[in-house]
Amino acid sequence: MSPLATTLLVLLLITGSGLWLAIARRRADQKNHRQELAKLRLSLDEQLEQAQRERDTLLDALTDAFLLIDTQGRIRFANRAALQIGQARSLVGRSLRESFTDPRLIGALQQCLEAEGHFNTQITLPLPAASSQDPTAMSALVLDSAKLDSFAGIDSPLTRVIIRDSTAEHQTEQIRKDFVANASHELRTPMAIIGGYLENLLDDDLIEDTATSRRFLEVMRKHSDRMSRIIDDMLMISRLESGTHQQLNIETFPLADAFKDVLDRLESLIRNQQAEVRISLPADAPLSIEGDRFYWVQALFNLVENALKQNPRPQLIIELGARKDDQCCDIWVSDNGVGIPSADLPHIFRRFYRVDKHHTQSGIKGTGLGLSIVKRAIEAHGGSITVQSTPGVETRFQIKLPNRRMEPASGCGQTDEQSAAPLG
Ligand code: ADP
């Protein structure tokens with residue numbers, strides 16, 4: 001081989017191996033880049049997953065239900081609170097009808113989908129039987145919706161809906177409305193009667209007729225007394241409901257003294273009805289109560305007065321009693337009178353609730369506020385009241401008061417649902 005050819009071959013070999021080395025290095029670089037890219041992608045995926053987990057944790061922590069619904073009406077995201085409203089284990093991918101049972105809720109969600117922009121509506125639904133003994137009890141939901149162009153990788157337009165449980169506010173508002181309506185109704189009746197008699201006296205010129213005007217004035221006085229009683233009772237309820245604890249004038253007093261105050265105030269009624277009143281108190285140690293004596297006397301007065309009012313018949317026996325153990329003080333007022341029908345028992349602590357049957361039979365008039373005052377006064381002291389009744393045998397109002405005021409001891413607390421039951 002000529003020297004030139006040899007040189008050329010060497011040069012070729014050198015260039016070739018250089019080229020090969022460059023290609024090999026480039027391949028290695030590309031491989032490294034691919035590996036780094038894969039690592040980066042993995043880390044990005046992990047970060048995305050982490051961000052989605054955090055988002056879901058946050059949305060699951062909301063007490064409000066949160067839903068994302070696409071234009072076809074399919075749920076694309078639902079937090080934990082939304083699952084509790086829905087009927088399926090998972091709502092994602094399901095239609096509104098597959099996810100919810102109540103047509104009012106489905107209709108309201110449909111309205112959210114159809115609305116342009118921001119939309120807000122409220123619906124009321126019957127409470128599940130398990131959560132309330134009152135078949136008329138309603139729950140309230142507020143739905144708030146808005147449009148989203150996209151959300152977390154879902155590229156179709158979405159509607160986000162937040163569903164808030166506003167049952168507590170709804171019930172408070174309902175109680176307020178009922179109270180105003182009942183109070184106006186209760187006050188309007190005596191007011192109209194007084195107005196009617198006044199009109200007769202003045203327009204028919206009856207003032208000179210002393211006998212007639214006296215009779216009219218007496219009726220008017222009776223109705224004006226009734227109005228005063230209703231207003232006094234309403235004021236007492238409102239005082240007990242507004243920051244009750246601060247309003248109480250706490251002292252320690254013997255329960256026997258409170259019993260005596262009540263019986264002194266009702267003495268003539270007891271005598272007229274020839275009722276027998278029995279007191280049952282521990283003989284060994286005087287039983288004292290720490291509380292506002294005024295409200296305790298008022299509460300016990302209302303209970304004993306009810307027993308007398310509802311039973312204007314001979315052989316009525318009323319018992320006032322109390323006993324104390326380590327945790328609670330039990331106080332009761334019982335009678336052997338007409339009793340309270342079991343259908344009325346769950347309602348009798350409600351404001352303005354009266355068992356009409358008794359009234360039409362005997363013309364007994366009450367404000368329907370007496371037991372509401374009793375319940376609120378006792379609850380303001382951290383206690384609870386229940387009632388049991390077997391008509392004609394025994395009606396027993398039972399108060400449980402924790403020994404340490406304002407701290408319900410176990411077994412001393414009582415829920416609303418448990419507060420009334422038929423005896424036996
Ligand atoms: P009122 O002012 O009408 O007495 P309450 O709130 O005190 O209102 O009582 C509510 C209803 O409960 C009364 O209308 C009455 O029918 C019934 N009630 C309360 N206590 C008794 C009782 N001891 N015996 C029979 N019925 C009672």
Side-chain angles (χ1 to χ4, degrees), residues 175 178-179 182-183 185-187 189-190 222-223 225-238 240-241 259 262-263 265-266 269-270 273 275-278 295-321 331-380 384-399 416 419-424:
I175 289 170
D178 289 352
F179 187 57
N182 287 329
H185 174 79
E186 293 293 329
L187 289 172
T189 313
K222 202 177 93 194
H223 288 281
D225 285 351
R226 177 167 168 74
M227 278 168 57
S228 307
R229 257 203 331 274
I230 294 174
I231 291 167
D232 286 350
D233 283 358
M234 285 190 333
L235 284 174
M236 197 174 302
I237 289 188
S238 128
L240 281 166
E241 281 181 349
F259 284 177
V262 171
L263 299 181
R265 280 170 62 184
L266 287 166
L269 197 56
I270 294 168
Q273 286 188 214
E276 185 186 334
V277 180
R278 296 175 184 166
Y295 286 116
W296 274 102
V297 170
Q298 188 61 47
L300 294 166
F301 175 91
N302 287 1
L303 293 176
V304 179
E305 193 200 29
N306 270 349
L308 289 160
K309 245 180 4 184
Q310 303 300 330
N311 299 293
R313 62 186 186 100
Q315 277 144 19
L316 176 69
I317 302 172
I318 300 174
E319 184 176 291
L320 279 110
I331 304 165
W332 65 90
V333 176
S334 68
D335 67 73
N336 62 343
V338 288
I340 303 165
S342 57
D344 294 295
L345 279 177
H347 311 292
I348 58 162
F349 291 104
R350 282 194 195 161
R351 287 182 273 210
F352 293 111
Y353 191 86
R354 273 178 259 157
V355 182
D356 280 329
K357 201 151 44 89
H358 298 165
H359 299 295
T360 44
Q361 273 170 6
S362 55
I364 300 160
K365 287 269 183 287
T367 62
L369 292 170
L371 289 179
S372 305
I373 293 174
V374 174
K375 188 169 187 321
R376 277 162 186 77
I378 285 157
E379 285 173 354
S384 62
I385 179 162
T386 55
V387 58
Q388 294 186 311
S389 182
T390 302
V393 180
E394 189 191 32
T395 297
R396 188 182 176 93
F397 287 88
Q398 181 94 28
I399 297 165
D416 265 6
S419 60
L423 264 179

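All values derive from a computational prediction rather than experimental measurement. Counting starts at 1 for both ligands and their atoms, following the listed order.
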For the residue pair S389 and T395, what are the closest heavy atoms and their distance?
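The answer is OG-OG1, 2.9 Å.
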Atom of R376, atom of F349 and distance for their closest heavy-atom approach:
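The answer is NH1-O, 4.4 Å.
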What residues, two or more places apart in sequence or in another chain, satisfy side chain to side chain contact (heavy atoms under 4.5 Å, CB included) together with D225?
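Once residues adjacent in sequence are excluded, the partners of D225 under the side chain to side chain contact (heavy atoms under 4.5 Å, CB included) criterion are R221.
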Who are the side chain to side chain contact (heavy atoms under 4.5 Å, CB included) partners of L187, not counting sequence neighbours?
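Per chain and number, L187 pairs via side chain to side chain contact (heavy atoms under 4.5 Å, CB included) with M227, I230, I231, M234.
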Given L371, V355, V304, which one has a non-hydrogen atom that is nearest to atom 9 (O) of ligand 1?
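Comparing heavy atoms across L371, V355, V304, the nearest one to atom 9 (O) of ligand 1 lies in L371.
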Out of D335, V338, N306, T367, who is nearest to atom 23 (N) of ligand 1 when you count heavy atoms only?
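That would be D335.
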Once you restrict to heavy atoms under 4.0 Å, what part of [X] touches ligand 1? Side chain, backbone, both or neither.
| X | result |
| --- | --- |
| F397 | side chain |
| Q310 | side chain |
| V374 | neither |

Would G339 count as a contact residue for ligand 1, given that I'm defining contact as a non-hydrogen atom of the residue lying under 4.0 Å from a ligand atom?
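Yes, that is the case, since the closest heavy atom of the residue is under 4.0 Å from the ligand.
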Mind checking whether E305 has a heavy atom under 4.0 Å from ligand 1?
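It does not, in that no heavy atom of E305 comes within the 4.0 Å cut-off of ligand 1.
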Determine whether a donor-acceptor pair (N or O, by modelled atom type, separation under 3.5 Å) exists between the side chain of [X] and the backbone of [Y].
| X | Y | answer |
| --- | --- | --- |
| E186 | T367 | no |
| T189 | H185 | yes |
| N311 | V338 | yes |

Can you name the atoms of ligand 1, numbered from 1 with element, that are less than 4.0 Å from a heavy atom of [X]?
| X | answer |
| --- | --- |
| A307 | 23 (N) |
| I340 | 18 (N), 21 (C), 25 (C), 26 (N), 27 (C) |
| Y353 | 10 (C), 11 (C) |
| K309 | 1 (P), 2 (O), 4 (O) |

Inspect the surroundings of CD in Q315 and state if more than 12 heavy atoms from other residues, nucleotides or ligands are less than 6.0 Å away.
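At most 12 heavy atoms, drawn from other residues, nucleotides or ligands, come within 6.0 Å of this atom.
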